[in-house]
Structures are given as C-alpha cells and as structure tokens.
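Numbering of residues begins at 1 and proceeds along the displayed sequence.
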Amino acid sequence: MPAEDLSELGPVDFYVIEFPAGEANFTGEMAEELVKLVDAGIIRVIDVLILTKDADGEIDAMELSDVPDLGALVAIEGQLAELLAADDVVNLAAAMDPGSVAGVLVYENLWAAPFASAARRAGGQLIANGRIPIQAIIASLEADGALETEGA
C-alpha cells in the first residue's frame, strides 16, 4: 500500500474461524460472501491464512496462494498484503483446538475509512474497540422480551 494511502486507511480487524478436522470449507458460501463484501467496497482483504493445528499442538500456516482450488477466493488472492508474521500465527493459533483447521482473515473496514481519517485529521486516535458477541445480544433481547411478556 503506498504511503500516501496510509492516512486514508480505515480500521483493520481480523477474524479467526475454526473448523473441526476434515470439515473446513473455505471455498463455498463463506468465500462467496467475502467476495461480495470486497466487490461492494465494504471491506478490503489484507491477509488470509489457513492454520492447521495437529493433535500434538504443532501449527502449520498456509497462505491463500498455496491453496490448490481457490474457488471464489481467486478474485482477492492477488491483492493480499501478507501482513501476518510468524509470531502472529502462534498467537492466533493459541485459541485453536488440537486437530482443527482455522481461516484467518485480516481486513480493512472501507466503510469506516472516511470517518477514521477525519478523526485522525482532527487530532483523534482510536484507543479502544471491541465486539459484542451475537449470543450476548440475543440473550439480552430475549430477556427484554420475557420482561415485556410478564409485564403485559
């Protein structure tokens, strides 16, 4: 990425999606949805890795370019920056169960880039961010619904 573009960079996030051994499908519906997000200009994929963790805890990392049949992912493979280092791989794989396979996706939130750039130009900096697990939101909404039902 050219240096002049760095000032316009949006927030960068990552996902690690784990599959049980033998059940990983990186080229199906999940890949098609990822390509739709890229094509719509919502995200820019920066890096993708496929991690395997054997029963003894040994980790192997594979770049997307090493995957024999990319399917829909071929559309984004040539644009990757390959940002993750060996230490990153070890840290990300720590959460994996032995015998599993995981896909790691590092992406820029293009939809948020104009806001993030404006915040930086105003002298601000992002000092924290986070995610609320969908299960927590569902539980909260269900609890609110139960309270409303009891009060009726």
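Under a 3.5 Å cut-off, the side chain of N91 and the backbone N or O of D88 do not form any donor-acceptor pair. Without hydrogens or angle criteria, K53 side chain to A93 main chain gives a donor-acceptor distance under 3.5 Å. With hydrogens and angles disregarded, no donor-acceptor distance shorter than 3.5 Å links the side chain of S117 to the backbone of P114.
I42 and M30 end up in the same hydrophobic cluster when Ile, Leu, Val, Met, Phe, Trp and Tyr side chains are linked at under 4.5 Å. Cluster annotation: L92 and V89 are assigned to the same hydrophobic cluster (Ile/Leu/Val/Met/Phe/Trp/Tyr, side-chain heavy-atom contacts under 4.5 Å, transitive). Following chains of ILVMFWY side-chain contacts shorter than 4.5 Å, one can reach W111 starting from V38, so the two form part of one hydrophobic cluster. No path of Ile, Leu, Val, Met, Phe, Trp and Tyr side chains, each step under 4.5 Å between heavy atoms, connects L37 with V35, placing them in separate hydrophobic clusters. Under a hydrophobic-cluster definition in which Ile, Leu, Val, Met, Phe, Trp and Tyr are linked whenever side-chain heavy atoms come within less than 4.5 Å, directly or via other members, V106 and L9 are assigned to the same cluster.
More than 12 heavy atoms of other residues, nucleotides or ligands shown are found within 6.0 angstrom of CG on L141. Environment of CZ in F14: sparse, with no more than 12 heavy atoms of neighbouring residues, nucleotides or ligands closer than 6.0 Å.
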For S100 and D97, what are the C-alpha separation, side-chain angles and deciding distance, and is it a side chain to side chain contact (heavy atoms under 4.5 Å, CB included)? CA-CA 6 Å; S100 65; D97 288 331; 4.3 Å; yes
Decide side chain to side chain contact (heavy atoms under 4.5 Å, CB included) for L34 and I76; before the verdict, give the C-alpha distance in whole Å, the side-chain angles of both, and the deciding distance to 0.1 Å. CA-CA 9 Å; L34 178 62; I76 62 171; 3.8 Å; yes
Report the C-alpha distance between L49 and L64 in whole Å, list the side-chain angles of each, state the deciding distance to 0.1 Å, and finish with yes or no for side chain to side chain contact (heavy atoms under 4.5 Å, CB included). CA-CA 6 Å; L49 288 178; L64 195 57; over 6 Å; no
So I17 and L105, side chain to side chain contact (heavy atoms under 4.5 Å, CB included) or not? Walk me through it. CA-CA 8 Å; I17 302 168; L105 170 67; over 6 Å; no
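For the residue pair A102 and V16, the shortest heavy atom distance occurs at CB-CG1, 3.9 Å. Shown here for E63 and V48, the closest heavy-atom pair between the two residues is OE1-O, 3.7 Å. Considering every non-hydrogen atom in both D56 and D54, the closest pair reads N-OD1, 2.9 Å. Here the closest non-hydrogen pair linking E18 and M96 is OE2-CA, 3.2 Å. The two residues A113 and E108 come nearest to each other via the heavy atoms CB-OE2, 4.2 Å. The minimum heavy-atom distance linking L84 with V104 is given by the pair CD1-CG1, 3.7 Å.
Between the CG atom of L126 and the CZ atom of R120 there is a distance of 9.5 Å, given to the nearest 0.5 Å. To the nearest 0.5 Å, atom CE of residue M62 and atom OG1 of residue T52 are 7.0 Å apart.
For residues 130-139, the pairs satisfying salt bridge (charged side-chain N to carboxylate O under 4.0 Å, His left out) are D13-R131, with sequence neighbours left out.
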